[in-house]
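Here's the structure we're looking at; comments come further down.
Computation of the quantities below employed the complete heavy-atom set of this structure, encompassing side-chain atoms and omitting hydrogens, waters and symmetry-equivalent molecules.
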Amino acid sequence: MDMDMVNMFAIAAGTLAIPLLLFMASFMLWPSSLIKFYYWYWRRTLGLQIRYADCGGYRFCYSCRGKPGLRPSILMLHDFSAHKDIWLQMVKYLPKHLHLLCLDMPGHEGTTRTSTDDYSIQGQVTRIRQFVEAIRLNRKPFHLVGISMGGTVAGVYAASYPSDLCSMTLICPAGLKNHNKSKFDSQMLDVEHSQYMLNIPLIPSNPEDMDEMLKLCSHVRFRVPQQILQGLVDVRTPHNDFYHEVFMAIMGENSRYALHEHIQQITTPLQIIWGKQDQVVDVSGAAVLKEAIPASRVDLLDNCGHSVVMERPRQTAKLILDFIISQQSPASASTKKKS
């Protein structure tokens, strides 16, 4: 009997040890695989499914949850060199009945990348409209969310296709002539003087660069193990030439201040969310938007940097949901009065 118990515990310990050893091996030898598994696990846990939309030989990749309902669908556009999974922490705090779509921006992650594509802001806006029409998202006005580069694209999209949208949230959007310069702006002066031959702070090529980028983008200091930093670099470096191409396109003459140049054409109800300690795009941009669009709502977050959806996911989700509901309430009230 005692020997049977010993054998049972030995088998149980062995069964538990195998996945633990596999995890440790992945962590030490293949950290990039562990990161990809992490995203896969959380998409599955949150009920997000990967979908594809084809349009004239061009394929868009996106994750989605829910179906169109009483509340507007929400389309989310990520920032430069990121992907659809940056929204996972925020999606966790959004109601499951909402129709959510997190899109890989043109050329990023699972969306088609071509050597002839136009990655300027206007070029990306054109592609996003193709996606919207391909899945017929604009059958009913939807809510558009964009962060950083995605915020620039979202703002220009609103100026170009106002009837598609019922409301919009811009999170630390780039493309404005801000009152103050950020730390990143100062760093970019040196890069520009070298004709972009120096390392661009948002395109890391080793773990040290990655650590510096995380410090630049986040006010909250995350303690990231060296192996995870290496994994993040391993995932990104094969795409660094592409990121450099996109960076040059969005920093070009026709794109650098694209949002600023389209402000007067934005009629969509606007919410602005910004981290007060943003070192990439200075928070003074919120005042620029507010001055141009007085009816807009501004939410400034304390002790928060550029990575708003990672640093304040719960608060950001609540602010967006509250704004969407507030925009629907007047319409609902007027409908009730008519009936």
Side-chain angles (χ1 to χ4, degrees), residues 39 43 48 50-64 73-91 100-135 137-138 142-161 164-165 168-175 200 202-203 213 217 235-236 238-252 254-256 258-259 262 280-281 306-310:
Y39 289 131
R43 282 198 304 267
L48 287 161
I50 300 295
R51 292 284 185 267
Y52 296 92
D54 294 308
C55 181
Y58 193 90
R59 168 166 283 196
F60 297 93
C61 178
Y62 63 104
S63 59
C64 64
S73 299
I74 303 176
L75 174 62
M76 291 178 266
L77 308 180
H78 64 72
D79 50 349
F80 168 75
S81 77
H83 48 77
K84 58 188 173 295
D85 293 325
I86 68 155
W87 302 103
L88 289 174
Q89 294 187 58
M90 191 185 81
V91 167
L100 307 177
L101 304 97
C102 307
L103 178 67
D104 280 331
M105 297 289 279
H108 290 72
E109 196 76 4
T111 293
T112 297
R113 179 182 302 174
T114 70
S115 59
T116 59
D117 219 351
D118 178 9
Y119 294 109
S120 68
I121 296 301
Q122 191 58 57
Q124 294 192 58
V125 169
T126 300
R127 282 297 190 194
I128 302 304
R129 186 72 191 310
Q130 288 179 335
F131 168 74
V132 167
E133 291 187 316
I135 66 169
L137 183 63
N138 55 351
F142 60 91
H143 182 84
L144 184 59
V145 181
I147 181 169
S148 195
M149 179 191 77
T152 311
V153 173
V156 177
Y157 187 102
S160 305
Y161 308 105
D164 284 2
L165 308 180
M168 175 174 63
T169 299
L170 300 183
I171 304 174
C172 309
I200 296 172
L202 299 180
I203 308 179
M213 188 188 82
C217 293
V235 169
R236 292 173 58 97
H239 309 286
N240 276 358
D241 287 344
F242 166 72
Y243 295 149
H244 191 276
E245 178 185 351
V246 175
F247 186 84
M248 296 297 288
I250 63 178
M251 292 296 287
N254 296 327
S255 291
R256 190 164 197 166
L259 179 55
H262 285 80
V280 179
V281 185
H306 189 67
S307 302
V308 170
V309 295
M310 293 177 62

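Minimum interatomic distance between Val235 and Pro238 (heavy atoms only, all atoms of both residues): O-CD, 3.7 Å. Scanning all heavy atoms of the two residues, the minimum distance from Cys172 to Val308 falls at SG-CG2, 3.6 Å. Scanning both residues, Ala53 and Ile135, for their nearest heavy atoms gives CB-CG2, 3.7 Å. Of all heavy-atom pairs between Ile250 and Phe80, the closest is CD1-CD1, 4.2 Å. The two residues Ser115 and Glu245 come nearest to each other via the heavy atoms O-OE2, 4.4 Å. Residues Ser73 and Leu137 come closest through the heavy atom pair CB-CD1, 3.8 Å.
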Set out, in order, the CA-CA distance, both residues' side-chain angles and the distance that settles side-chain contact (heavy atoms from CB on, under 4.5 Å) for Leu88 and Leu48, then state yes or no. CA-CA 9 Å; Leu88 289 174; Leu48 287 161; 3.4 Å; yes
Before you tell me yes or no, could you show the steps for Phe142 and Val132 under side-chain contact (heavy atoms from CB on, under 4.5 Å), namely the whole-Å CA-CA distance, both residues' side-chain angles and the distance that decides it to 0.1 Å? CA-CA 10 Å; Phe142 60 91; Val132 167; 3.9 Å; yes
Can you check side-chain contact (heavy atoms from CB on, under 4.5 Å) on Cys102 and Asp85, steps first, answer last? CA-CA 8 Å; Cys102 307; Asp85 293 325; over 6 Å; no
I'd like to know whether Arg51 forms a side-chain contact (heavy atoms from CB on, under 4.5 Å) with Leu101, so could you lay out the CA-CA distance, the side-chain angles of the two residues, the decisive distance to 0.1 Å, and finally the verdict. CA-CA 10 Å; Arg51 292 284 185 267; Leu101 304 97; over 6 Å; no
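For the atom pair Met105 CE and Leu77 CG, the distance stands at 5.0 Å (nearest 0.5 Å). Distance check: Asn138 CG to Leu165 CG gives 9.0 Å after rounding to the nearest 0.5 Å. Rounding to the nearest 0.5 Å gives a distance of 10.0 Å between NE2 of His306 and CD1 of Ile171. Here the straight-line distance linking atom OH of Tyr62 with atom CG of Leu100 works out to 12.5 Å at 0.5 Å rounding. Residue Arg113 holds its CZ atom at 5.5 Å from NE2 of His239, rounded to the nearest 0.5 Å. Here the CE atom belonging to Met310 is positioned 5.5 Å from the CD atom belonging to Gln89, to the nearest 0.5 angstrom.
With hydrogens and angles ignored, the 3.5 Å screen pairs no side-chain donor or acceptor of Ser255 with any backbone N or O of Ser120. Under a 3.5 Å cut-off, the side chain of Thr111 and the backbone N or O of Pro106 do not form any donor-acceptor pair. A distance-only check finds a donor-acceptor pair linking the side chain of Thr112 to the backbone of Arg59 [under 3.5 Å]. Listed for the Arg236 side chain is a donor-acceptor partner under 3.5 Å among the backbone atoms of Ser81. His78 places no side-chain N or O within 3.5 Å of a backbone atom of Trp87 that could act as its donor or acceptor partner.
For the pair Phe242/His108, a side-chain contact is recorded, criterion being any heavy-atom separation below 4.5 Å from C-beta on. Inter-residue side-chain proximity for Cys61 and Ile50 is flagged as met; some heavy-atom pair is nearer than 4.5 Å. When side chains are defined from C-beta on, Val280 does not count as touching Asp79, because their heavy atoms never get closer than 4.5 Å.
Every pair passing salt bridge (Lys or Arg N to Asp or Glu O under 4.0 Å) that includes a residue from residues 101-111 is listed here, sequence neighbours excluded: Lys84-Asp104.
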In a table with atom names and distances, give each donor-acceptor pair under 3.5 Å that connects a side chain of residues 152-161 to protein atoms at least two apart or in another chain.
from   : atom 1 : to     : atom 2 : distance (Å)
Thr152 : OG1    : Ser148 : O      : 3.4
Thr152 : OG1    : Ala174 : N      : 3.4
Thr152 : OG1    : Ala174 : O      : 2.7
Tyr157 : OH     : Asp164 : OD2    : 2.6
Ser160 : OG     : Val156 : O      : 2.8

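With sequence neighbours left out, Asp241 forms a salt bridge (charged side-chain N to carboxylate O under 4.0 Å, His left out) with no residue at all.
Using modelled atom types, one finds no donor on one side chain facing an acceptor on the other under 3.5 Å when comparing Gln124 with Arg127.
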